[in-house]
Amino acid sequence: MKRLLTLLLTFLAIQLQAQEWDIFPVPAMAGADSIWELQDNVSDDFNYTFEGTDSKVNFGNDKWYNFYHNHWDGPGYTYWKHQNVTVENGNLIITAGYTPETSKGGSYGVASGCVTSNAKVVYPVYVESAISVANIELASCFWLLSPDDTEEIDIIENYGGVNFYKQFTHISHHSFVRNPFTDYQPRDWNSWYPDSRVNNSYGWGDWCWNNGGERRYMRMGVYWKSPKHFEYYIDGELVRVMYYNAIATNYNGTWQYTYFKSLTWDVNGYKLPTNIASGNQAGYTDVIIHSTSSSFDMDKLKAASNASNGYNVIDPAWFQGGDDDDLDGNGVTLEAKGFTKELDIIINVESQGWLLDQTPSQASLNDPTKNQMKVDWVRVYKPVPDNGGVRPVTGVSLDPTEKVVANGSAYNVTPTFVPYNATNKNVTFTSSNEAVATVNTNGVVSAVGLGDAVINVTTEDGNFTATSNVKVIENGAGSEFIIEAEDFDRTGGTVDDEEWGGPGFGVGITDDNLGINWVNNGDWVEFDYNVAESGNYKVTFLVSTPSDGAAVTLLTNGEEVGEVVVPNNDSWGDYQEVALEVDFYLEAGQNTFKVLASGSNTWQWNMDKMIFTPYTENIIAVEGIELDITSADVERYKTLQLSATVLPENASNKNYSWESSNTFVATVDQNGIVTGVQEGEVEITAVTAEGGIRATATITVTPATSIPVSGINIDIYNVELIINETATITATVLPAEATNQNVIWSSSNETIATVTNGIITALAEGNCTVTVESEDGSFSQNISVVVKAEAPTSIDNVYNPLVVYPNPNKGSITLRGLSNKVYKIIIYNLNGQNVYSVNTYFENEYKIDLSNQPKGVYLVQVIDEETSYSRRIIKE
């Protein structure tokens with residue numbers, strides 16, 4: 001059966017999603033004589049459906065496959081599974097879960113997904129993705145890797161729920177020797193990148209999960225410009241540059257230009273950058289700060305590279321060989337080659353060996369509010385010659401490709417050009433049957449008579465053509481019908497309710513046989529129904545829920561119609577009418593309707609029935625959009641409100657979105673609020689959801705009279721002291737240019753601990769919270785303080801009896817609380833490197849001298865033949 005949708009909003013949504021990255025300009029510069037060209041073979045908006053499968057298959061028009069790029073099935077306790085990769089609702093979804101497998105150690109494993117691109121990328125190339133990090137103690141990863149596993153660029157490696165690390169974005173790359181296995185990566189402290197949006201109590205997983213609301217996405221991109229030049233971007237902002245022999249990082253609002261102090265770390269016979277930083281934490285590369293600036297300065301970075309000791313920051317040990325052929329054209333052949341190989345794109349969630357002590361629980365692994373990494377899109381661009389600014393058209397398509405409408409209504413058809421940035425976008429529209437449908441120069445199609453017509457578009461540049469079929473039916477054709485929810489033919493779902501007395505997987509039927517219940521998110525029902533008359537329909541659900549985050553999605557004959565949110569009415573049985581505000585076409589005869597519980601909350605709704613009624617409204621097409629302001633000034637860091645009006649005033653679809661031509665100068669949210677970022681001029685544009693009609697205002701960002709605080713960073717979030725001990729916390733106001741850098745310290749209980757200028761003094765046994773707040777009151781951070789009366793003599797808890805004290809310490813620690821037998825004791829620094837290891841018989845307590853280790857955070861791990869205990873400590 002041929003099914004023709006009449007949902008204008010659905011087609012427009014698909015069209016907008018397919019171009020959703022276009023609202024974000026490529027932040028890197030293509031070059032004076034070049035422009036960016038999208039690489040479609042490795043770019044994907046994920047606006048399609050791919051169901052999980054237990055075999056390795058290609059998907060996304062053969063752009064991807066659902067496994068790693070060789071037979072390895074994952075690090076740590078990871079077991080990559082084909083079926084843990086799906087695509088739905090415009091997202092690639094990588095799901096972590098529980099597996100009883102133990103071949104890699106542990107009492108269970110982490111089943112997760114991994115995706116690899118079929119095509120490869122090579123410099124110069126810009127690769128970026130919009131990612132929502134999994135809110136769990138695992139790494140969400142988006143990275144590039146050569147087929148021989150020797151060159152790796154990590155675009156994002158975020159630890160959604162891992163203590164201490166979850167507030168950082170790890171910006172890194174690796175150069176490998178496979179035998180003997182040797183790994184170089186830049187280990188300077190600046191490679192752990194902080195962000196004022198998150199902290200150790202509220203990390204990237206929490207931020208992306210958004211407290212169960214609509215998932216948030218962060219954009220991470222890398223411009224692999226040349227073999228020895230990488231640029232990293234977060235949400236369109238340049239944050240870090242690796243260039244020949246120097247590194248530039250925008251750390252806490254100040255750009256630092258650094259180079260390696262020495263190559264003295266001996267690893268398998270190779271000399272790597274010194275692994276103990278002066279005055280810093282263990283495991284971090286010792287660097288020299290050459291200079292600083294408030295904004296990125298390429299000349300300063302080049303000067304730092306020239307002033308360096310000659311140690312290359314991309315590959316200091318020359319694992320990838322020397323630049324004998326002068327690949328970069330700088331006239332120097334006696335230097336490291338850098339990265340030159342083609343790289344696969346890889347996306348996955350994984351457990352990592354150095355974080356096994358924080359392996360998620362089985363409950364967390366099976367919790368859909370925590371265990372999913374979502375990818376909205378991946379885009380890849382290469383710089384190509386500008387050709388005088390002319391981009392010829394090479395193809396065109398028309399959206400929607402088919403449409404059923406009521407007589408007397410109107411809608412838009414919209415051309416999509418290949419390439420998307422073609423210079424000449426002039427087209428001509430025609431109709432094959434003007435007695436049925438006419439089309440004007442803006443692509444507005446008007447239904448004027450019953451029957452069929454074909455809308456044609458022809459490009460002025462190249463005479464490329466595309467078509468769209470339209471069927472005009474009587475306004476209000478069809479007849480009302482009702483489907484009772486309990487009359488479903490099939491059901492299935494995600495949660496087994498039997499342990500609570502429910503029906504198992506899928507929904508149940510209410511006791512009074514007047515609806516369905518036991519509906520979890522992901523549960524569904526299908527109905528086979530014989531529709532009496534063809535026509536356009538709308539549907540109203542009779543539903544009830546005491547939950548927030550409930551929603552219903554309707555599919556007809558396998559195609560999604562739309563989703564509607566179900567309001568919380570504090571009841572499971574007080575049924576309310578919830579209308580899906582979209583129309584769709586049904587042919588007479590048997591149709592299959594699928595109803596999906598698509599909200600975010602575990603428990604969704606009860607449903608009584610669905611009412612299908614003929615759609616009788618005419619659609620008034622959008623003809624234009626106007627702004628209230630066409631030019632204005634806004635001060636840097638200040639805001640300006642813009643508003644827009646869709647024309648005509650009675651247009652059926654009044655939705656529009658906002659975009660900025662340069663987010664470095666000014667941003668705009670979807671409420672039209674413009675925020676000045678830095679001085680300059682920018683175009684702020686309103687774009688209609690229907691037809692993509694644009695109206696633009698020119699905004700000039702002027703110098704700031706004052707710079708507001710955007711956040712506070714602290715170096716420690718949890719402190720454990722003994723009475724009379726002290727700990728020092730460092731707080732940094734963001735940005736570094738903020739007018740008011742003052743902070744206020746306070747303790748929630750000064751009888752337990754006081755704080756003065758960041759120095760916490762323990763006074764009495766107990767718990768309290770130390771707070772540091774910006775003087776203007778806009779931002780604050782909390783430090784959890786635990787004070788013990790004396791060195792502990794009993795176990796902390798039955799599950800992890802290991803006690804390490806004092807914590808923080810001055811260079812000596814004592815271990816207590818374990819049984820009298822042989823243990824292996826290992827101490828790791830923040831980079832996961834073993835700085836202390838011993839096999840010893842444990843009797844009452846064991847003392848360890850750390851006086852030769854730098855200040856910093858360490859992980860103490862004690863292992864026997866049955867289990868592993870760990871504690872995190874701080875050396876001051």
Side-chain angles (χ1 to χ4, degrees), residues 19-31 34-46 63 91-92 115 117 119-133 140-145 151-158 168-173 186 190-191 193-195 197 204 207-208 216-226 229-243 247-250 255 296 298 314 339 343-348 373-384 420-421 659-665 667 677:
Q19 300 175 353
E20 55 198 354
W21 57 60
D22 285 349
I23 66 173
F24 303 111
V26 178
M29 303 302 294
S34 299
I35 59 174
W36 291 111
E37 181 177 79
L38 181 71
Q39 306 300 293
D40 185 65
N41 63 331
V42 279
S43 300
D44 202 339
D45 52 30
F46 300 113
K63 292 181 181 180
N91 284 269
L92 169 68
V115 172
S117 64
K120 296 171 175 53
V121 298
V122 69
Y123 76 95
V125 66
Y126 181 77
V127 184
E128 186 180 42
S129 185
I131 288 176
S132 186
V133 175
S140 294
C141 306
F142 177 58
W143 46 306
L144 310 177
L145 182 63
E151 296 182 6
E152 174 182 329
I153 300 176
D154 297 321
I155 301 176
I156 182 173
E157 192 174 52
N158 273 23
F168 296 109
T169 296
H170 193 203
I171 301 176
S172 187
H173 73 273
N190 289 359
S191 64
Y193 194 79
D195 193 296
R197 291 172 287 185
W204 278 118
W207 185 87
C208 290
R216 293 173 175 154
Y217 294 78
M218 59 186 300
R219 287 186 290 130
M220 287 293 301
V222 65
Y223 182 20
W224 178 17
K225 191 170 184 177
S226 69
H229 187 170
F230 304 163
E231 297 178 0
Y232 294 89
Y233 295 83
I234 297 179
D235 290 334
E237 300 289 338
L238 180 65
V239 297
R240 185 166 163 93
V241 183
M242 314 292 293
Y243 178 80
I247 305 171
T249 311
N250 182 9
W255 279 92
F296 177 68
M298 188 65 198
I314 303 298
F339 278 23
L343 307 182
D344 295 314
I345 300 176
I346 301 176
I347 310 169
N348 66 274
M373 169 189 179
K374 294 188 175 184
V375 182
D376 189 16
W377 45 258
V378 173
R379 64 174 181 173
V380 178
Y381 292 87
K382 289 188 76 68
V384 297
Y420 76 98
N421 57 348
E659 61 186 53
S660 168
S661 66
N662 190 339
T663 55
F664 286 113
V665 176
T667 61
V677 177

Separation between CG (Asn662) and OG1 (Thr667), nearest 0.5 Å, reads 11.0 Å

How would you list, by chain and number, every residue that makes a ring pair (Phe, Tyr, Trp, His ring centres under 6.0 Å) with Tyr123, sequence neighbours excluded? Trp224

For residues Met220 and Ile131, determine if any side-chain heavy atom of one lies less than 4.5 Å from a side-chain heavy atom of the other. no

Contacts of Asp235 meeting salt bridge (charged side-chain N to carboxylate O under 4.0 Å, His left out) (sequence neighbours excluded), chain-then-number -> Arg197

Could I get the full list of salt bridge (charged side-chain N to carboxylate O under 4.0 Å, His left out) partners for Glu659, not counting sequence neighbours? Arg694

To check you understand the geometry: which heavy-atom pair defines the closest contact between Pro383 and Ser34, and what is its length? CB-CB, 4.2 Å

Suppose we screen for ring pair (Phe, Tyr, Trp, His ring centres under 6.0 Å). Which residues come up paired with Trp143, at least two apart in sequence or across chains? none

Could you tell me if the side chain of Ser43 sits less than 4.5 Å from the side chain of Trp21, heavy atoms only? yes

Spatial distance of atom CD (Glu151) from atom CG (Leu343) [nearest 0.5 Å]: 6.5 Å

Taking all non-hydrogen atoms of both residues into account, name the closest pair between Tyr126 and Gly221 and its distance. OH-CA, 3.8 Å

Closer than 3.5 angstrom, by distance alone: can the side chain of Glu157 be matched with the main-chain N or O of Ile155 as a donor-acceptor pair? no

Considering only heavy atoms from C-beta outward, does the side chain of Pro124 approach that of Lys382 to under 4.5 Å? yes

Quick one: are Val378 and Ile347 in side-chain contact, heavy atoms under 4.5 Å? yes

Any donor-acceptor N/O pair, Lys374 side chain to Tyr217 backbone, under 3.5 Å: no

Starting at CG of Asn91, measure out to CZ of Phe46 and round the result to the nearest 0.5 Å. 9.0 Å

I need the Asn158 CG to Tyr193 OH distance, nearest 0.5 Å. 13.0 Å

Any non-hydrogen side-chain atom of Asp195 less than 4.5 Å from a side-chain atom of Thr169? no

Of all the heavy-atom pairs spanning Arg240 and Trp255, show the shortest one and how long it is. N-CH2, 4.0 Å

Walk me through it: do Phe142 and Val375 pass the test side chain to side chain contact (heavy atoms under 4.5 Å, CB included)? CA-CA 10 Å; Phe142 177 58; Val375 182; over 6 Å; no

In a check of ring-ring contact (aromatic ring centres under 6.0 Å, His included) between Tyr223 and each of Tyr243, Trp36, Phe230, Tyr232, which one passes? Trp36

Quick check: do Gln39 and Val121 have side-chain heavy atoms less than 4.5 Å from each other? no

Could you measure the distance from the CG atom of Asp44 to the NZ atom of Lys63? Nearest 0.5 Å is fine. 4.5 Å

Applying salt bridge (charged side-chain N to carboxylate O under 4.0 Å, His left out), name anything that partners Glu231, two or more places apart in sequence or on another chain. none

Partner residues of Glu128 under the salt bridge (charged side-chain N to carboxylate O under 4.0 Å, His left out) criterion, sequence neighbours left out: Arg219, Arg379

Give a yes or no on whether the backbone of Asp344 and the side-chain of Ser117 come within a donor-acceptor separation of less than 3.5 Å. no

To the nearest 0.5 Å, atom CD1 of Ile156 lies from atom CD1 of Ile171 at 9.5 Å

With the side chain counted from C-beta on, respond yes when Ile35 and Glu37 share a heavy-atom pair under 4.5 Å apart, and no when they do not. no

So, do Pro186 and Ser172 sit near enough that their side-chain heavy atoms are less than 4.5 Å apart? yes

Taking Phe296 as the fixed residue, which of Thr249, Asn250, Val239, Leu238 is the one that meets the side-chain contact (heavy atoms from CB on, under 4.5 Å) rule? Leu238

